[in-house]
Amino acid sequence: MAAPRPQQLHAVKGMNDILPGEVERWHALEAVVRDVVRTHGYREIRTPLIEPTPLFVRSIGEGTDVVDKEMYSFVFHDEPLTVRPEGTASVVRAYIEHALHTKEPVSRLFYEGPMFRGERPARGRTRQFHQAGCEVLGDPGPGIDAEMIDMIVGLYRRLGVKDVEVLVNSLGGKGTKARYRDVLVAHLEPLRSTLSDDSQRRIGMNPLRVLDSKHPKDQEAIASAPSILDVLDDEDKKHFDGLRALLDQLGTPYKVEPRLVRGLDYYARTLFEVRGHGGELGAQNALCGGGRYDGLPEELGGPPVPAIGFAMGLERALLAMPDTRTNADAPVLIAPLGDRAIARALVVARTLRDAGLTTICESRGGTMKAMLRRANAFGSRVAVVLGDSEIDRGVVQVKDLASHAQQELPESELVSAVRGVLASPVAAPKTGEGP
RNA sequence: GUGGCCGUAGAUCAGUUGGUAGAUCACCUGAUUGUGGUUCAGGUUGUCGCGGGUUCGAGUCCCGUCGGUCACCCCA
């Protein structure tokens, strides 16, 4: 009778492991992002993954898909809580809670980390996904708006992402948004029967979102819809024209897209999105999205400061980035021969590590052949061979795996010898071996 | 969330009209008493995603389910 097989456990749907070999690309991406935002004066803020549910309901808005059907919400000891679906709400909450506006006139904040939305997973869309984002509170723009868009364009360029498209739009302030909503509903209502089911439903709920539809049935109504840019008030128009003039002067490429809208309620005035076109991205081609949310701090009980921000999807950036796989830190490999050598090998390994060298000691033993094979698998340049005869004489063998050359030297010279091999150029491959 | 397609060794895949599982790579061993990347010889590896059903018999057919993927949806 075979023992019953234990039930195998799996990662939760839409939540992925990031394994060694892949995680190096994440590090590379995060390093570039951090460097770019650092040079623009942003400072990192870390907020909790779990927030009170009303924070997101009030900021993102009821009637949005994120709030209505995608949040991981639960009640813990009678308190409604939600695992954050995005970063802006938490940053604004923390900004208000710690009264940052009293400490500095403008706050430039950067965050990075996992977000959670219960969507159906697909390529470039997971339920636990990762975003990096920036928020600027206290600057009304449009100078900061232009700087932010320019920073993002430069960021993707540094990441090696080709063919990014920057779309900008203005939703206007609160009055404009409401006015446009009425105009749009008046346009869509007579066409209701020609629209997709989703769009028919959205006319009442969130008509701006109809403009975002990719459904073929909706395209005609979208194309003939009035432009929001035609209903901007004077202040909105001045702001948007200012932004465009600055982007023109910076030489930052962009395209005005009057049908660009977002799924989150808090946006007002400047709105932008960066799209990629790599085949790896598929339909999930929105790399980065953001905009101005001037009214939000006040709505959450804070000071009436203007604000703008963006978030970029890290999974999607990774898909859009060229697959330049940098070799992981190839270790120096210590090959001990025989039980007596293991204790010595551990000491030798410690010496190399103290000198800052990544070192793996094959302390489980095995044949010389097996250990050197593993050195190849690691991509090691150097192997240190240590057996009874070396121990008796107080020496080590330092082998250059690229040139096959091997030198015997006293342990005291080990570190400098290893460094020497690592620093030496890899000779052109030789044909044939010695006698 | 809706619909389509897919799910066989660690990886990529083959598997005929249902008859009881294969290739390549990888891995391990050997050709050398303590010297690797090539070569040669040999070897290991499977809950055929999972659960039911039809059948004498299911990797092959049916249903369900889970996972992935594409479009919609959503959005970063």
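As a basis for the values below, the full set of heavy atoms in this structure was taken, side chains included, without hydrogen atoms, waters or symmetry mates. Sequence lines set the chain letters: A, B, ... in the order given, protein chains first and strands last, and positions in each chain run from 1.
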For this session: Return the minimal non-hydrogen interatomic distance between A:Ala317 and A:Met312, and the atom names on each side.
Result: CB-CE, 4.0 Å
Exercise. Quick one, which residues of residues 213-221 of chain A touch RNA chain B with a heavy atom under 4.0 Å?
Worked result: A:Ser213, A:Lys214, A:His215
For this session: Under 4.0 Å from any atom of RNA chain B, heavy atoms only: list the residues of residues 332-340 of chain A that qualify, in numerical order.
Result: A:Leu337
Problem set entry | Rounded distance [0.5 Å steps], NZ in A:Lys255 versus CD in A:Glu165 | 4.5 Å
For this session: Please name the residue in the list A:Ile149, A:Val168, A:Val153, A:Leu243 that meets the side-chain contact (heavy atoms from CB on, under 4.5 Å) test with A:Tyr254.
Result: A:Val168
For this session: Let me know which of A:Phe116, A:Phe56, A:Tyr72, A:Phe74 forms a side-chain contact (heavy atoms from CB on, under 4.5 Å) with A:Thr82.
Result: A:Phe56
Tell me what [X] touches on the nucleic acid: a base, only sugar-phosphate, or nothing, going by heavy atoms under 4.0 Å.
| X | answer |
| --- | --- |
| A:Gln406 | base |
| A:Val385 | base |
| A:Asn376 | base |
| A:Arg125 | base |

For residues 419-426 of chain A, which side-chain donor-acceptor pairs fall under 3.5 Å, sequence neighbours excluded?
{"unit_1": "A:Arg419", "atom_1": "NH2", "unit_2": "A:Ala355", "atom_2": "O", "d": "2.7"}
{"unit_1": "A:Ser424", "atom_1": "OG", "unit_2": "A:Arg381", "atom_2": "NH2", "d": "3.1"}
{"unit_1": "A:Ser424", "atom_1": "OG", "unit_2": "A:Val421", "atom_2": "O", "d": "2.7"}

When rounded to the nearest Å, what value does the distance between [atom1] atoms of [N] and [M] take?
| N | M | atom1 | answer |
| --- | --- | --- | --- |
| B:G46 | B:C5 | P | 32 Å |
| B:C28 | B:G36 | C1' | 15 Å |
| B:A58 | B:U8 | C1' | 14 Å |

Is there a side-chain polar atom (N or O) of [X] under 4.0 Å from OP1 or OP2 of [N]?
| X | N | value |
| --- | --- | --- |
| A:Arg123 | B:C70 | yes |
| A:Lys13 | B:G67 | yes |
| A:Arg120 | B:C70 | no |

Exercise. Given pairs defined as Watson-Crick or G-U wobble with both distances under 3.5 Å, what dot-bracket annotation applies to RNA chain B, with ( ) intrastrand, [ ] crossing, | other strand and . unpaired?
Worked result: (((((((..((((.....[..)))).(((((.......))))).....(((((..]....))))))))))))....
Problem set entry | Qualifying residues under side chain to side chain contact (heavy atoms under 4.5 Å, CB included), relative to A:Gln406, sequence neighbours excluded | A:Gln397, A:Lys399
Problem set entry | Lys/Arg-Asp/Glu bridge criterion (N-O < 4.0 Å) met for A:Arg262, A:Glu273 | yes
For this session: List the protein contact pattern of nucleotides 38-43 of chain B with one symbol per nucleotide (5' to 3'): B for base contact, S for sugar-phosphate-only contact, - for none; contact means a heavy-atom distance under 4.0 Å.
Result: ------
Nucleotide of [options] approaching [X] most closely (side-chain heavy atoms):
| X | options | result |
| --- | --- | --- |
| A:Ala286 | B:U69, B:C75, B:U35 | B:C75 |
| A:Glu315 | B:A76, B:U35, B:U29 | B:A76 |
| A:Pro121 | B:A76, B:C70, B:G68 | B:G68 |
| A:Arg117 | B:A76, B:C70, B:U35 | B:A76 |

Exercise. With A:Asp150, which residues qualify under salt bridge (Lys or Arg N to Asp or Glu O under 4.0 Å), at least two apart?
Worked result: none
For this session: Mind checking salt bridge (Lys or Arg N to Asp or Glu O under 4.0 Å) for A:Asp145 and listing every partner two or more places apart, or none if nothing turns up?
Result: A:Arg292
Exercise. Do side-chain atoms of A:Asp294 reach the backbone of A:Ala307 as a donor and acceptor pair under 3.5 angstrom?
Worked result: yes
Seminar exercise, completed: The side-chain hydrogen bond (donor to acceptor under 3.5 Å, both in side chains) partners of A:Thr351 (sequence neighbours excluded) come to none
Exercise. Of all residues at least two apart in sequence or in a different chain, which pass the side-chain hydrogen bond (donor to acceptor under 3.5 Å, both in side chains) check with A:Arg38?
Worked result: A:Asp35
Seminar exercise, completed: Those residues at least two apart in sequence (or on a different chain) that pass ring pair (Phe, Tyr, Trp, His ring centres under 6.0 Å) with A:Tyr293 are A:Tyr266
Seminar exercise, completed: ring pair (Phe, Tyr, Trp, His ring centres under 6.0 Å) filter on A:His130, not counting sequence neighbours, yields A:Trp26
